[in-house]
Amino acid sequence: MTEGKHGDGQMAIGMIGEMRRQTIKRFQAPIDSLRLSISVSSFSSTLRRSPIDYDGDLAILHCLPPKQSYTIIDQLHLHQNASMAEHNLSTMTKPLNFYISSLQTCISVDHLHQLHAQILNSYFSNSVFLLTRLAHAYLKFGCPTVGQRFIISIIKNPPLFLWNETIKCYARKGCYRESIDLYYDMLRSGYKPNAFTFTFVLPACAGLKSVADGRRVHDDVLLFGCECNEFVITALIDLYGKCGELGVARQLFDEMPVKKTASCNALMAGLVLADKFDGALSLFNEMNNLGIKGDTMTMVSVLQSCASLGALQQGRWAHDHIIRTRMGINLYLGAALINMYARCGSIEEARQVFDKTPRKDIVTWTAIICGYGMHGLAHFSESLFLQMISNGLRPDAVTFVGVLTGFSHNGLVEKGWCYFHKMRDEFGVKPALEHYSCMVDMLGRAGQLKQAEELIRKMYVKPDSKIWGGLLNACKIHKNFKMAERVVPEILKLDPTNAGWHVLMANIYATSGKWDQVAKMRRNMKEKKLEKQPGWSLIEVTGQIHTFLAFDQSHKMSKEIYKYLEDIKEKMRVEGYVPELDVVFEKVDEETKEEMLFYHSERLAIAFGILSTSNGDVLRVMKNLRVCVDCHNVIKFISRIAYREIVVRDAKRFHHFKDGVCSCGDYW
DNA sequence: ATAGGGTTAG
C-alpha cells in the first residue's frame, strides 16, 4: 500500500456515508441488510475498531487484518492480478450498486474471481447481502466450490437460499452424492429445509437411484411439512419412478388433489423406464380425459412407448398430435420421432422427419444412423455418418455402436475393423463393452470365430456375459462345439442365473447330439429355478396392440388363425417348403417337432394380421427374441403366397419380407 | 433471489 492510501481517515468515513446514502436511496433496502463493514486497515490506523454513527443508524466498521481478507484471494490465484493493487482505492469507493450490476452481467468465472477479490477489498466485504449475490453468481456458473472450500463458507451464516442453491448446483452437475451430503450437512448445522430444498435434493437421490437416501429425505419432507407442495410431490414421483418403485410413485400421483403436466410426465417417464409402455400410453389417455395438456416431454415418453411396442399407428397419431397442437419439435422430440419411426419399422418416415428437422445435434444424427443400422442398411448408415462429420459434428460412443451394428448385420468385416480403429484413433472414443460386443458379433457371424475369441481375450475392458454370449451364438451358427465348450464356463462364471444362456447351451448340446449334456443343463436350470423367457410377438391392428405367445389360443380369433396356418402350410408344401427341424431342440419325433415350430408366436401374429387387415397393408410384427430359421423361411413363403409385405423386428434387427425374399439376405 | 418431468445403443 502506498503512503497516500493510508492518508485521510476522515475522508474515508465521509465516503462511507455518501455511499450509504446512495445505496439506501437506490435499493430502499432495510438498514439491517446493509451492515457495512470495511475490511482494510490500509485507510487509516485511526479507523481501527471505531463505531460510526451515521444518520442515526449504527454502522459497524470492522477492521480486519488484511491477511484475512486475502486468504480467499490467494486461493483464487488472484495475487497474479497485479493491477488490482493499483486500483485498490477506486475499488473500495465504488457503490454497492456497481458490484450488484457487475455480478449480474459477469460472463466468466475468471471475471467473477476478479469481482470476488474486489468485493473482499471493498467496504462490503462482510455484507451478507452482497456475498450471497456473489456466491449465487458462482453457483450460476456451476461452481459450488472455490479452491478447496464450499462457496457457502464465504459467509458465516449463509441464508437457506444459498444452501438450496448449492445443493441444486451439485445436483445439476451430476454430483449427486455431494448434493445429498451437503443436505445432511445443512440439517446438522441446524437449518430447516423448505420445499425448494427438497426439489433440489430429491433429483440427486433419483440420479443415484438411491431409494435409501430417497426414503430418508421423504421422511424429512413429512417432518418439515412439505408433503403438499406439488413440486416436491413431482420430485418424489420422479424419484420412485427412477428407482423402479412404481407402486409408490403411482400412489403419490393418485393422492395428488390437482395433477399437473409435470407430475404426469414424471410418472410416465417412470413407467417407460420400467418397460411398462402400455401403462404409459394409458396414462396419456388418462391425461386427455382429465383435461391435462401434454407437452413436449409428455410426447417424448409417448413416442418412446410407441417405439418400444412397435406401435406405428399410435406413433403416427402422436406425431400428428404434435403438429396439430403446434408444440414445436425440439431436439428431444426430433430424435424421439426419428427413433419411433425407425423402431416401428418405417425407416422411410424416420428419414423424412430427419430431413425436415431444421436443427440437428449429435443425438439426431445418431438416431437416424442407428435406425439404418438396425434395418441392415449399412451403406445409408455410413453415408450419413460421413455427412455428419462434414457438418462439423463429432460422433460419440453411441454413434459408433450404430455404425458398427450396421456393418455387423451386413457382414462387412473390413469396414467394421476400419471404423473400430477410426473410433479411437481419429475421434478419441475409447471402445467400450458395446463396441467390442458389436465386433465379436460381426466376426462371429462372419465365421471368424478365432479372431472373435482373440479380441475378447485381449480387450482391456472386462468382458461381460453378453460378449461371451455373442461368441457362443456364433459357435452355434458355425457348429463349433469345441469352442462352445470353452465359452460355456466363462458365461456361467459371469452370469449363472440367466435362463437364456442355459437354453442356448442346451440347444448347442442338442445339435451335436450330446443329450446327456442337454439333460444336465436342464437339471441345472431346474435346480436354480430358472425360467425360460417365453417368446412373444405383437402386432398393431387399427391402433390396437395384440400380443401372442407360442401356442397361444387365448385370442378371440384363435380358431381362424390356426385354420389359416393349416391352409398356408399346404400351399407352402406345394411350393417346396421343408421344415427346418434342426431348430427344435427336444428329443421328440419329427411330427411333434414340426408341430412345435408351427405355432411360434410370430406366425400367429402374422396370420392374425393377414386376416384382419386389407390386401396391400404392410404387416409389422415385433418379437422379443430372435426369429428362428424356420420362421424366417416360413415368413418368406407367406410374403409371396399372400402378397404381403411383412416387417419383423426381432431382438436384434429388422427383417423386411417381400415377394419371398428378406432384406437381411438370410444373414442375421 | 431458488422449483418438478425429456433425446440416441444394448
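Just so we're on the same page: letters track the sequence lines, and every chain starts at 1.
The two residues Leu222(A) and Glu227(A) have their closest heavy-atom pair at CD2-CB, 3.6 Å. Residue Ser210(A) comes nearest to Leu239(A) through the heavy atom pair O-CD1, 4.4 Å, listed as atom of the first residue, atom of the second, then distance.
Closest approach to the Phe161(A) side chain among dT2(B), dA3(B), dT7(B) is made by dT2(B) (side chain taken as heavy atoms from C-beta onward). Closest to the side chain of Val398(A), from the set dA9(B), dT7(B), dT2(B), is dA9(B). Of the candidates dG4(B), dA1(B), dG6(B), the closest approach to any side-chain atom of Thr132(A) belongs to dA1(B). Counting only heavy atoms from C-beta on, Cys370(A) has its side chain closest to dA9(B) among dA3(B), dA9(B), dT7(B). Considering only the side chain of Phe200(A), dA3(B) comes nearest among dG10(B), dA3(B), dG4(B). Comparing dG4(B), dA9(B), dG6(B) against the side chain of Met374(A) picks out dA9(B) as the nearest. Of the candidates dG6(B), dA9(B), dG4(B), the closest approach to any side-chain atom of Lys242(A) belongs to dG6(B). The side chain of Thr405(A) approaches dG10(B) more closely than any other nucleotide in the set dT7(B), dG10(B), dG6(B).
Ring pair Trp417(A)/Phe420(A) is perpendicular by interplanar angle, where above 60° counts as perpendicular and below 30° as parallel.
For dA3(B), its base sits under 3.5 Å from the side chain of Asn229(A) at one donor and acceptor pair at least.
Distance, Met297(A) CE to dG4(B) C1': 9 Å, rounded to whole Å. Atom CG of Asp238(A) and atom C1' of dA3(B) are 13 Å apart (whole Å). Atom C1' of nucleotide dT7(B) and atom CD1 of Ile322(A) are separated by 12 Å, given to the nearest angstrom. Rounded to whole Å, atom C1' of dA1(B) lies 21 Å from atom OH of Tyr99(A). In this structure, CG of Leu236(A) is placed 18 Å from P of dA3(B), rounded to the nearest angstrom. Between the CD atom of Gln304(A) and the C1' atom of dT8(B) there is a distance of 10 Å, given to the nearest Å. Straight-line distance from the CG atom of Asp396(A) to the C1' atom of dA9(B): 10 Å, rounded to whole Å. A straight line from CZ of Phe196(A) to P of dT2(B) spans 7 Å, rounded to a whole angstrom.
The shortest distance between the side-chain N/O atoms of Lys168(A) and the OP1/OP2 oxygens of dA3(B) is below 4.0 Å. Here Asn339(A) reaches the OP1 or OP2 of dA9(B): one of its side-chain N or O atoms lies under 4.0 Å away.
Residue contacts for Thr261(A): at a heavy-atom cut-off of 4.0 Å it reaches a base atom on one of the strands shown. Within the nucleic acid shown, Ala262(A) comes within 4.0 Å of at least one base atom, counting heavy atoms only. Within 4.0 Å of Thr296(A), counting heavy atoms only, lies at least one base atom of the nucleic acid.
Aromatic ring centres of His136(A) and Phe161(A): separated by under 6.0 Å. Taking the six-membered ring for Trp and the full ring otherwise, the centers of Tyr240(A) and His218(A) sit less than 6.0 Å from each other.
Other residues, nucleotides and ligands place more than 12 heavy atoms under 6.0 Å from the CG atom of Leu386(A).
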